[in-house]
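Side chains are part of it too, since the values below use all heavy atoms of this structure and drop only hydrogens, waters and symmetry mates. Below, chain A is the first sequence line, B the second, and so on; all start at residue 1.
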2 protein chains.
Amino acid sequence: MVAGPTSAGPGKDRLRLWIRLLRASRTIEAELRERLKKEFDTTLPRFDVMAALYRVPEGMLMSDLSRFLLVSNGNVTGIVDRLVSEGLVTRARRNGDRRTSMVRLTEEGTKSFAAIAAAHESWVGELLGNVSEDEARRLAGMLKSFRSNWEGRE
Amino acid sequence: MVAGPTSAGPGKDRLRLWIRLLRASRTIEAELRERLKKEFDTTLPRFDVMAALYRVPEGMLMSDLSRFLLVSNGNVTGIVDRLVSEGLVTRARRNGDRRTSMVRLTEEGTKSFAAIAAAHESWVGELLGNVSEDEARRLAGMLKSFRSNWEGRE
DNA sequence: GGCAATTATTTCAAGCTTAAAGTTTCATAA
DNA sequence: TTATGAAACTTTAAGCTTGAAATAATTGCC
């Protein structure tokens with residue numbers, strides 16, 4: 001997924017764009033993963049889950065997390081298991097519907113996430129440093145529009 | 001890595017851009033992975049390795065593949081193992097330097113890849129369909145420049 | 001030549017990821 | 001009520017991924 005078009009010709013521009021997109025996100029992602037590990041001894045998936053929960057003090061269902069994070073539900077199970085065993089989130093069975101459980105950040109999880117998120121934001125600022133704020137807005141706009149085709153698709 | 005900024009404020013534009021970038025590439029990647037599985041019973045990492053090799057008939061060293069694909073060398077070992085067992089690539093010990101081995105597509109691998117790559121390219125064209133060719137070029141240009149900071153970094 | 005450092009690769013343990021199959025709970029309609 | 005089906009979640013098997021440790025071969029220095 002990271003190699004260039006195998007030949008020249010029409011319709012290669014979108015392929016080239018896709019490859020650049022992928023290389024860019026992989027490079028940044030790798031750097032962030034490494035820093036999360038070194039500085040906070042955590043991982044990107046754990047960070048993702050905590051970031052999702054941070055926005056919603058009342059908590060999220062497992063399936064909400066799965067949908068929001070664009071990962072399978074089996075995947076969420078494992079990550080939340082580990083976060084629970086680290087005392088960063090809780091999984092509370094609900095009275096109303098006993099199939100579901102509400103996942104919430106613990107107090108420790110909230111505090112921990114706030115610190116990590118601050119570092120994370122400054123890292124992203126650094127890693128995207130040569131994109132001007134203005135260009136960032138324009139690029140983000142384009143990416144939003146080209147994603148809208150796919151949002152909520154199945 | 002997929003949640004939005006946790007608060008408003010200055011310097012959030014780059015963070016928003018990063019999140020959009022990541023959501024876009026994850027969505028497209030998931031779709032391509034699924035189609036590769038369904039249509040060709042293969043995976044994205046295998047496709048990546050084959051794409052890299054396809055450009056270079058004389059073959060690549062394991063470490064070349066690792067650098068080119070931006071993944072660890074232990075990772076490449078496993079993927080190449082599986083491709084070898086499927087008869088799609090060969091790993092040839094070299095006389096000059098017996099630590100290294102040259103990885104090449106087999107004839108079957110070459111034929112197989114050509115078919116998959118054609119489908120892959122048309123999928124990407126479809127998935128990025130609402131980005132005009134012109135916009136694709138501009139976006140790709142921006143992505144190239146903002147990556148150059150990181151290219152070759154360690 | 002011989003030995004230390006370097007380079008190329010593999011192995012390993014831990015964790016992430018998916019799709020598919022399994023379990024429990026809920027909703028509903030006969 | 002009680003089957004039937006749907007929904008929420010977990011489990012499983014297979015594969016991907018990393019960083020670190022282990023192996024093997026080469027290079028460079030004395």
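Rounded to a whole Å, the NZ atom of K38(A) is 14 Å from the P atom of dT18(D). As rounded to whole Å, 11 Å separates atom P of dG19(D) from atom CD of E31(A). Whole-Å rounding puts the L44(A) CG to dG19(D) P distance at 12 Å. Across the protein-nucleic acid pair, R91(A) atom CZ and dA8(D) atom C1' stand 12 Å apart, rounded to whole Å. Look at NZ on K37(B): it is 11 Å from C1' on dA13(D), rounded to the nearest Å. Between the CZ atom of R33(B) and the C1' atom of dA19(C) there is a distance of 10 Å, given to the nearest Å.
Ion pairing between E133(A) and R16(B) fails under the 4.0 Å rule for side-chain N and carboxylate O. Salt bridge annotation for E126(A)-R14(B): absent, with no cationic side-chain nitrogen under 4.0 angstrom from a carboxylate oxygen. In this structure, R35(A) pairs ionically with E31(A), as a charged nitrogen and a carboxylate oxygen lie closer than 4.0 Å.
Note: F40(A) and F47(A) fail the aromatic proximity criterion, with ring centroids not under 6.0 Å apart.
Among the protein residues, R46(B) comes within range of the sugar-phosphate backbone only, with heavy atoms under 4.0 Å from sugar or phosphate atoms but none that close to a base.
Each side-chain hydrogen bond (donor to acceptor under 3.5 Å, both in side chains) pair with one or both residues in residues 89-99 of chain B, not counting sequence neighbours, appears once here: D81(B)-R91(B), R94(B)-T100(B), D97(B)-R99(B).
When hydrophobic clusters are built by joining Ile, Leu, Val, Met, Phe, Trp and Tyr residues whose side-chain heavy atoms come closer than 4.5 Å, directly or via intermediates, M60(A) is grouped together with Y54(A).
A side-chain donor-acceptor contact under 3.5 Å links T27(B) to the backbone of R23(B). Using a distance-only test at 3.5 Å, with no hydrogens or angles considered, no donor-acceptor pair links the side chain of R20(A) to the main chain of L17(A). Between the side chain of T106(A) and the backbone N or O of G87(A) there is at least one donor-acceptor pair closer than 3.5 Å.
For DNA chain D, none of the residues of residues 56-66 of chain B falls under the heavy-atom distance limit of 4.0 Å. Contacts of residues 71-78 of chain B with DNA chain C (heavy atom under 4.0 Å): N73(B), G74(B), T77(B).
For E34(A) and S101(A), each mapped to the nucleotide of DNA chain D holding its nearest heavy atom, the one lying further toward the 5' end belongs to S101(A).
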Using residues 62-70 of chain A as the side-chain source, report each donor-acceptor pair under 3.5 Å to any protein atom, sequence neighbours left out, with the distance given to one decimal.
residue : atom : partner : partner atom : Å
D64(A)  : OD1  : R67(A)  : NH2          : 3.4
D64(A)  : OD2  : L61(A)  : N            : 3.1
S66(A)  : OG   : V71(A)  : O            : 2.7

Nucleotide-resolved protein contact map, nucleotides 22-29 of chain D, B/S/- at heavy-atom distance under 4.0 Å: ---BS---
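Distances shorter than 4.0 Å separate none of the side-chain N or O atoms of R26(A) from OP1 or OP2 on dT18(D).
Remark: R104(B) pairs with no residue by the salt bridge (Lys or Arg N to Asp or Glu O under 4.0 Å) rule, at least two apart or across chains.
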